[in-house]
Amino acid sequence: MSIYEEKGIQPMLISEQQNPFNSPDWIYELKLDGIRCIAYMNQHVDLRNKRDKKLLPFVPELSEIHRQVTDKCILDGELFVLKNGMTDFYEIQRRALMTDPFKIKLAGQKYPACFVAFDILYLQNKLMTDYPLIERKNLLKKLIVENNFFCASRYIENDGTKLFKAAKSQYLEGIVAKKKDSQYYFGKRTKDWIKCKVMQTDDCVICGYIPKANHMTSLILGQYDDNCSLVYRGHVTLGVSLRFFDHYRPKRINFSPFGFIPKGNENAIWLAPELVCIVESMPTDKKAFRQPVFKGIRDDKMPEECRISPEISMT
């Protein structure tokens, strides 16, 4: 059985975050605020997130995009929704949690989903992962016939700082820099792909919570270090809704997932480290987040993917 029939592809991951830079050996793309998505295309399209969850039932308006490619292929890209001219992660995430087909259809009519392909992994029954990135990009351009729902990601060469400034001026999330000669490694982090973010956002594991006064709740956050150990990253209270508990029903446990009880968490209610959330904060090199705001749940990421930035001091 080929990789196309097996499905279950784990996409290559970005290794680290850096300041924007210029180099003739790299290309630069806009970082879209959506859901990472693998598209299997032949006689029909099958869209899957990083957990191999089927996404097409939530975005039925994309059911015909396989007609926009000239050959059987597997593409890596981003599934997103435009709202007021901007990519809106919370809108596409809300869609991915819907269960009523009628409401999904209405949402698709109001804010249609789009798929942008930025890599090709498989073409005409052949793996393309050993080809240099720039060659894969050229194949991608020839493969896709673009329409309003489906296109290939645009990129520039050499001048990453210019694209970053443009992204910042348009209030976009940032850019991704990729080495021109980089190969594609399934499920691995690589320094061949680097993100440069305008806003400081982090993916964190929810490890517990502390009930507060005035019906408020403080979530306890964690991230994994290079040794795959879960590290305490503090709390987030602002933006947390009690509806979070009603919808996700996180699993309680009777011990701290950090292996110890961090100071100030003696009265915590601990949770199994299974849910991933987005936290927006002010830039800092400290262990705890600075003025963090809870922005929502990501069910397209595994907890082990929540990594501590190398700039963070853990001392």
Working to the nearest 0.5 angstrom, can you tell me the gap between Leu121 CG and Ile74 CD1? 6.5 Å

Distance alone, cut at 3.5 Å: any donor-acceptor contact between the side chains of Ser169 and Lys165? no

Salt bridge check, Arg36 against Asp76: does any charged N sit closer than 4.0 Å to a carboxylate O? yes

Do Pro303 and Pro273 touch side chain to side chain, with heavy atoms closer than 4.5 Å? no

Taking everything shown except Asn148 itself, do over 12 heavy atoms lie less than 6.0 Å from its CG? no

Heavy-atom side-chain proximity of Ile220 to Tyr232 below 4.5 angstrom: yes

Is there a donor in the side chain of Asp299 and an acceptor in the side chain of Gln93, or the other way round, less than 3.5 Å apart? yes

With ILVMFWY side chains joined below 4.5 Å, transitively, what does Val276's cluster contain besides itself? none

Answer yes or no: are there more than 12 heavy-atom neighbours, outside Lys53 itself, under 6.0 Å from its atom NZ? yes

Taking NZ in Lys195 as the centre, count heavy atoms belonging to other residues, nucleotides or ligands within less than 6.0 Å. Is the count above 12? yes

Where do Leu271 and Ile253 come nearest, in terms of heavy atoms and distance? O-CD1, 3.5 Å

With rounding to the nearest 0.5 angstrom, report the CG to OG1 distance, Leu79 to Thr87. 12.0 Å

Donor-acceptor pair, distance only, cut-off 3.5 Å: does the side chain of Arg233 make one with the backbone of Leu221? no

Between CD1 of Ile297 and CG of Leu275, what distance do you get to the nearest 0.5 Å? 5.5 Å

Pairs satisfying salt bridge (Lys or Arg N to Asp or Glu O under 4.0 Å), at least one member in residues 151-163, at least two apart: Glu146-Arg154, Glu157-Lys180

Please check if Phe150 and Ile38 belong to a single hydrophobic cluster, counting links between Ile, Leu, Val, Met, Phe, Trp and Tyr side chain heavy atoms closer than 4.5 Å. no

Is there a donor-acceptor pair closer than 3.5 Å between any side-chain N or O of Asn49 and the backbone N or O of Asp52? yes

Using a strict cut-off of less than 4.0 Å between a Lys/Arg side-chain nitrogen and an Asp/Glu carboxylate oxygen, indicate whether Lys179 and Asp181 qualify as a salt bridge. no

Which residues pass the ring-ring contact (aromatic ring centres under 6.0 Å, His included) test with Tyr185, sequence neighbours left out? none

Closest approach of Glu91 and Asp88, non-hydrogen atoms and distance? N-OD1, 3.0 Å

Not counting sequence neighbours, which residues clear ring-ring contact (aromatic ring centres under 6.0 Å, His included) with Phe89? List them please. none

Apart from Leu106 itself, its cluster of hydrophobic side chains linked below 4.5 Å comprises Phe102

Residues two or more places apart in sequence or in another chain: which of them pass ring-ring contact (aromatic ring centres under 6.0 Å, His included) with Tyr209? Phe245

Pairwise distance CZ(Arg307) to CD1(Ile14) - rounded to 0.5 angstrom: 14.0 Å

Name the orientation class of the two ring planes belonging to Phe258 and Phe260 (parallel below 30°, tilted from 30 to 60°, perpendicular beyond 60°). tilted

Decide yes or no for Gln170 and Leu172: does some side-chain heavy atom of the first lie under 4.5 Å from some side-chain heavy atom of the second? yes

Under the side-chain hydrogen bond (donor to acceptor under 3.5 Å, both in side chains) test, residues paired with Thr217 that sit two or more places apart: none

Is any side-chain heavy atom of Met12 closer than 4.5 Å to a side-chain heavy atom of Phe186? no

Membership question, hydrophobic clusters at under 4.5 Å side-chain separation (ILVMFWY): are Leu13 and Ile9 in the same one? no

Ignoring hydrogens and geometry, is there a side-chain-to-backbone donor-acceptor pair from Asn22 to Thr161 under 3.5 Å? yes

By the ring-ring contact (aromatic ring centres under 6.0 Å, His included) test, which pairs, at least two apart or in different chains, include something from residues 24-56? Tyr4-Tyr40, Phe21-Trp26, Phe21-Tyr28

Return yes if some donor-acceptor pair links the side-chain N/O of Gln223 with the main-chain N/O of Asp203 below 3.5 Å, else return no. yes

For Ala113 and Glu61, work out which heavy atoms get closest and say how close. N-OE2, 2.8 Å

Is there a donor-acceptor contact under 3.5 Å linking the side chains of Tyr224 and Asn227? no

Can you confirm whether Lys7 is buried at NZ, in the sense that more than 12 heavy atoms of other residues, nucleotides or ligands lie under 6.0 Å from that atom? yes

Co-members of Phe80 in a cluster of I, L, V, M, F, W and Y side chains, linked at under 4.5 Å: Leu32, Leu82, Val116

Check: Gln10 side chain, Lys50 main-chain N or O, donor-acceptor pair, under 3.5 Å: yes

Answer whether the closest heavy-atom distance between the side chains of Cys277 and Phe294 falls below 4.5 Å. yes

Taking NZ, NE, NH1 and NH2 as the nitrogens, is one of them in Lys31 or Asp33 under 4.0 Å from a carboxylate oxygen of the other? no

Side chain to side chain donor-acceptor pair (under 3.5 Å) pairs, two or more places apart, involving residues 102-112: none

Within a strict 4.5 Å, meaning less than it, do heavy atoms of the Cys73 and Tyr122 side chains meet? no

Taken in chain and number order and not counting sequence neighbours, the residues that satisfy side-chain hydrogen bond (donor to acceptor under 3.5 Å, both in side chains) with Lys126 are Tyr131

Do Leu75 and Leu140 come close enough that some side-chain heavy atom pair is under 4.5 Å? yes

On a heavy-atom basis, which atom in Ala167 and which in Gly174 lie closest, and how many Å separate them? CB-O, 4.0 Å

Is there a donor-acceptor pair under 3.5 Å between the side chain of Arg51 and the backbone N or O of Arg48? no

Using side-chain heavy atoms (C-beta onward) and a distance below 4.5 Å, is Met128 in contact with Leu139? yes

Okay, side chain of Gln183, backbone of Thr129: is any donor-acceptor separation there less than 3.5 Å? no

Show the nearest heavy-atom pair for residues His235 and Ile210, with the distance to one decimal. NE2-CD1, 3.7 Å

Hey, is Lys301 close enough to Glu274 for a salt bridge, meaning N to O under 4.0 Å? no

With sequence neighbours left out, which residue pairs that include part of residues 133-144 fulfil the side chain to side chain donor-acceptor pair (under 3.5 Å) condition? Glu29-Lys137, Asp119-Arg136

Do Leu47 and Ile120 land in one hydrophobic cluster if side-chain heavy atoms of ILVMFWY residues count as linked below 4.5 Å? yes

CG/Leu143 to CD/Gln68 distance, rounded to the nearest 0.5 angstrom? 11.0 Å

Tightest non-hydrogen contact, residues Ser63 and Val45, listed as O-CG1, 3.7 Å

Nearest 0.5 angstrom please: Leu133 CG to Asp192 CG, how far? 9.0 Å

